[in-house]
Colleague: 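The structure under discussion is supplied below as structure tokens; questions concerning it will follow.
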Amino acid sequence: MSNNEKDFVKEVTPQAEDFSQWYLDIVLKTEMMDYAPIKGCMAIRPYGYAIWENIQHLLDRRIKETGHKNAYFPLFIPESLLQKEAEHVEGFAPEVALVTQGGNEKLSEKLVVRPTSEAIICEMYARWVQSWRDLPLLINQWCNVVRWEKNTRPFLRTSEFLWQEGHTVHSTEEEAQEETLKMLGVYQEFLENELAIPVIPGQKTEKEKFAGALKTYTIEALMADGKALQAGTSHNLGQHFAKVFEIKFQDKDDELKYAWTTSWGVSTRLIGALIMVHGDDRGLKLPPRVAPVQVVIVPIITKKKRDEVLLRSKEIAEELRGIGLRIELDDREEYSPGWKFNQWEMKGVPLRLEIGPRDLESGGVTAVRRDTGEKSFLPSESIPSQVPLLLQEIQDTLFRQALEFRKRKTFRPVDYNEFKRILEEDRGFLLAHWCGNSRCEEEIKAETKATIRCIPFDRDPEDKGPCLYCQKEGQLVYFARAY
RNA sequence: CGGGGCGUGGCGCAGCUUGGUAGCGCGCUUGGUUUGGGACCAAGAGGUCGCAGGUUCGAAUCCUGUCGCCCCGACCA
């Protein structure tokens, strides 16, 4: 980045200088969140929440299109319910918040504030499922969950966060497995098409899977600093929960059988992913599909042309709102145009339209893309057709850039030494052979801080080679340092 | 839970070593001139210096304790 360019940004620490600080500058200064007076908790401010609402809207549609219905379950879970599934309780016990008192009375049974809702939902499902005719049961809920985290970061890991969790019940193992993979596919399509974030779908290792799951699947994304982020998970819970919560049904063959359950979720962490995948030293770069403001109109107000410029700006704002775009008309006269340019660029607005005396004369507007900085002139009559096209191009470009970045940052180390060198110098994804033994996985993590992000679906089963650590024959998996 | 750093107007900081009327920049308010990449002039408002003790004639400054936040690790969406 040139010094010249640096002058545009006075509020954001450059990524190269300190990526963590860059991230914190962004979330605070774009007014996405603010720290709340509870450790690890944040207020999500309107600009950040608007992104979440867009995510909710676009994902909820997909969840419903795949046959699920929304419902709501209690925030509190009796401690005994959470403890029913052994692995599950072991996984979550260290991070649950407990309510021990209600009003002035001590509770006879402590209540857990849900860290996830398998327990309470399965408890209800046991009542609702009697017959094969009740299946599949396909329910999703949007809610908050609480996990008492020690190391928190805005959006990436907070003590309380917002998410959706789908919980389904099926009569056969095959159907549960199919559901698990289907929803992972929904997540992948959603992230790639709406958030412009390319992901690698795959399976988690035994060590990394969800507490209580038979199998966990994940989509993994690569952040601009070369660290991986688990962006969504989908779990095949087998019959673990059905058995402890007694979710049984009478099948067509008259037999009473335990059901098969799944669960899957994505969280406000996706907002962190958006920031770290697309952002640059000027601030956010939001994909148009989820940007709270898709187009900002900045009138260039001068003394002589003030009224004409404002009038034309309003007309164009209305015209674009009329075709369903999210438009902000920044007609504040107490800020200079230059200040507004920087401000809205920091906030990641994909497209800016400038309307000044010169544009009035030439009968159009000046359009400036956030992703490339490219300026173009749009004649008035072309605005309603060109603006959506530009937005689509920006959406595509963001995805393409992220994909190219990931390709550039995906390595195939030939041995463990090169693996370690790449982790120090480039980070990124490392595709390497692994024998399948947890011991090797743990040793590698202890020595390099890299974990197995997933066993990718998309791999050549013929591509076998010596395990990175023990040299026994293994298959290709993705390693990375992760958030 | 370890290691490091920081708490002083809304934000960023100086002042602390060597105790003596709390300061700077940005922002904010009012008025005016401006407006095509963070405008300028003038006049203002705003702080029990994280909190609690202690030492002292006197504490932002010294001592003790405590709380909070941030960063880096171990555990996790």
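These numbers were taken from a predicted model, which means no experiment stands behind them. Here is how names work: the chains are called A, B, and so on, in the same order as the sequence lines, proteins then strands, and each is numbered from 1.
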Colleague: Could you tell me how far apart A:R306 (CZ) and B:G36 (P) are, to the nearest whole angstrom?
Modeller: 16 Å

Colleague: What's the gap between B:C6 and B:A14 when it is taken at their P atoms, as a whole Å value?
Modeller: 9 Å

Colleague: Base, sugar-phosphate alone, or nothing: which one does A:K340 contact when heavy atoms must sit under 4.0 Å apart?
Modeller: nothing

Colleague: What nucleic acid atoms does A:P357 come within less than 4.0 Å of, heavy atoms only: base, sugar-phosphate, or nothing?
Modeller: base

Colleague: Between B:A60 and B:C49, how far apart are the two C1' atoms, rounded to whole Å?
Modeller: 5 Å

Colleague: Roughly how many Å is it from CD in A:E220 to P in B:A77, rounded to a whole number?
Modeller: 10 Å

Colleague: Which of these nucleotides, B:A77, B:C75, B:A74, is closest to any side-chain atom of A:K445?
Modeller: B:C75

Colleague: Please name all residues satisfying side-chain hydrogen bond (donor to acceptor under 3.5 Å, both in side chains) with A:D25, sequence neighbours left out, ordered by chain then number.
Modeller: A:T13, A:Q21

Colleague: Under 4.0 Å, counting only non-hydrogen atoms across every strand here, what does A:T158 touch: a base, just sugar-phosphate, or nothing?
Modeller: base

Colleague: Which whole-number value in Å describes the distance from A:E31 CD to B:C11 P?
Modeller: 13 Å

Colleague: Using the C1' atom as the reference point in each nucleotide, state the distance between B:G2 and B:C75 in Å, no decimals.
Modeller: 13 Å

Colleague: Considering only B:G37, B:G73, B:C1, which nucleotide approaches the side chain of A:K150 most closely?
Modeller: B:C1

Colleague: Taking only the side-chain heavy atoms of A:N342 (C-beta and beyond), determine which of B:G36, B:A74, B:G38 contains the nearest atom.
Modeller: B:G38

Colleague: If only side-chain N and O atoms of A:S20 are considered, is one of them under 4.0 Å from the OP1 or OP2 phosphate oxygen of B:C72?
Modeller: yes

Colleague: Quick check with a 6.0 Å cut-off and a 45 degree axis cone: is A:R269 positioned over the face of A:W52's six-membered ring?
Modeller: no

Colleague: To the nearest angstrom, how far is A:K347 atom NZ from B:G38 atom C1'?
Modeller: 15 Å

Colleague: Between A:D18 (CG) and B:C71 (C1'), how many Å, whole number?
Modeller: 8 Å

Colleague: In whole angstroms, how far is the C1' atom of B:C72 from the CD atom of A:Q21?
Modeller: 13 Å

Colleague: Using a 4.0 Å heavy-atom cut-off across all strands, classify A:K204 as base, sugar-phosphate, or nothing.
Modeller: nothing

Colleague: Considering only heavy atoms from C-beta outward, does the side chain of A:K305 approach that of A:T302 to under 4.5 Å?
Modeller: yes

Colleague: A:L237 versus A:S263: any side-chain heavy-atom pair under 4.5 Å?
Modeller: yes

Colleague: Show each protein N/O and nucleotides 66-69 of chain B N/O combination with a separation under 3.5 Å, one pair to a line.
Modeller:
{"from": "B:C69", "atom 1": "OP1", "to": "A:K39", "atom 2": "N", "distance (Å)": "3.3"}

Colleague: Using the side-chain hydrogen bond (donor to acceptor under 3.5 Å, both in side chains) criterion, which residues pair with A:T451? Sequence neighbours excluded.
Modeller: A:R453

Colleague: Taking the nucleotide of RNA chain B with the closest heavy atom to each, which residue, A:T268 or A:R153, is nearer the 5' end?
Modeller: A:R153

Colleague: Taking A:Y125 for its side chain and A:T261 for its backbone only, find out whether a donor-acceptor pair lies under 3.5 Å.
Modeller: no

Colleague: When rounded to the nearest Å, what value does the distance between P atoms of B:C26 and B:U21 take?
Modeller: 26 Å

Colleague: According to side chain to side chain contact (heavy atoms under 4.5 Å, CB included), who are the partners of A:Q343, at least two apart in sequence or on a separate chain?
Modeller: A:E11, A:W339, A:M346

Colleague: Please state whether the phosphate of B:A39, meaning OP1 or OP2, lies under 4.0 angstrom from any side-chain nitrogen or oxygen of A:S336.
Modeller: yes

Colleague: Anything under 3.5 Å between a protein N or O and an N or O of nucleotides 25-34 of chain B, put it in a table, one pair a line.
Modeller:
{"from": "B:C28", "atom 1": "OP1", "to": "A:Y335", "atom 2": "OH", "distance (Å)": "3.3"}
{"from": "B:U34", "atom 1": "OP2", "to": "A:K303", "atom 2": "NZ", "distance (Å)": "2.6"}

Colleague: Take the angle between the ring planes of A:F19 and A:W22 and call it parallel below 30°, perpendicular above 60°, tilted in between.
Modeller: tilted

Colleague: Please classify the nucleic acid contact of A:T366 as base, sugar-phosphate, or nothing, using heavy-atom distances under 4.0 Å.
Modeller: base

Colleague: Base, sugar-phosphate alone, or nothing: which one does A:R332 contact when heavy atoms must sit under 4.0 Å apart?
Modeller: nothing

Colleague: Using the salt bridge (charged side-chain N to carboxylate O under 4.0 Å, His left out) criterion, which residues pair with A:K209? Sequence neighbours excluded.
Modeller: A:E206

Colleague: What's the gap between B:G31 and B:C24 when it is taken at their C1' atoms, as a whole Å value?
Modeller: 25 Å

Colleague: Using atom C1' of each nucleotide, how far apart are B:U8 and B:U48 to the nearest Å?
Modeller: 12 Å

Colleague: Give the dot-bracket string for RNA chain B, reading 5' to 3', where a pair is Watson-Crick or G-U wobble with both distances under 3.5 Å, ( ) marks pairs inside the strand, [ ] marks pairs crossing earlier ones, | marks a partner on another strand, and . marks unpaired.
Modeller: ((((((((.[[[[.)....(..]]]].((((((.....)))))).....[[[[[..)....]]]]])))))))....

Colleague: Choosing from B:G73, B:G38, B:A77, which nucleotide comes nearest the side chain of A:E149?
Modeller: B:A77

Colleague: Please give the distance between the C1' atoms of B:G50 and B:A59 as a whole number of Å.
Modeller: 16 Å

Colleague: If you measure from the C1' atom in B:G7 to the same atom in B:C51, how many Å do you get, rounded?
Modeller: 11 Å

Colleague: Going by the rule side chain to side chain contact (heavy atoms under 4.5 Å, CB included), which residues pair with A:K449 if we only count those two or more places apart in sequence or in a different chain?
Modeller: A:R481

Colleague: Mind checking salt bridge (charged side-chain N to carboxylate O under 4.0 Å, His left out) for A:D34 and listing every partner two or more places apart, or none if nothing turns up?
Modeller: none

Colleague: Separation of A:R269 atom CZ from B:A77 atom C1', in whole Å?
Modeller: 5 Å

Colleague: Start with the C-alpha distance between A:C143 and A:Q164, add both sets of side-chain angles, then the distance that settles side chain to side chain contact (heavy atoms under 4.5 Å, CB included), and finish with yes or no.
Modeller: CA-CA 6 Å; A:C143 67; A:Q164 68 53 225; over 6 Å; no

Colleague: Suppose we screen for salt bridge (charged side-chain N to carboxylate O under 4.0 Å, His left out). Which residues come up paired with A:D280, at least two apart in sequence or across chains?
Modeller: A:K285, A:R370

Colleague: What pairs of residues pass the salt bridge (charged side-chain N to carboxylate O under 4.0 Å, His left out) test when at least one of them lies in residues 354-363 of chain A, not counting sequence neighbours?
Modeller: A:R352-A:E354

Colleague: Return the value, rounded to whole Å, for the distance between atom OH of A:Y187 and atom C1' of B:A77.
Modeller: 11 Å

Colleague: Nearest-nucleotide wise, let me know which of A:L24 and A:A211 is further upstream toward the 5' end of RNA chain B.
Modeller: A:L24

Colleague: What does A:G265 touch in the nucleic acid at a heavy-atom separation under 4.0 angstrom: a base, only the sugar-phosphate, or nothing?
Modeller: nothing

Colleague: Applying salt bridge (charged side-chain N to carboxylate O under 4.0 Å, His left out), can you list everything that pairs with A:K340, at least two apart in sequence or on another chain?
Modeller: A:D330

Colleague: Between B:G37, B:G36, B:C75, spot the one nearest the side chain of A:R358, thanks.
Modeller: B:G36

Colleague: Checking all strands, does A:E354 fall into the base, sugar-phosphate, or nothing category for heavy-atom contacts under 4.0 angstrom?
Modeller: base

Colleague: Would you mind classifying the nucleic acid contact of A:N151 as base, sugar-phosphate or nothing, using non-hydrogen atoms under 4.0 angstrom?
Modeller: base

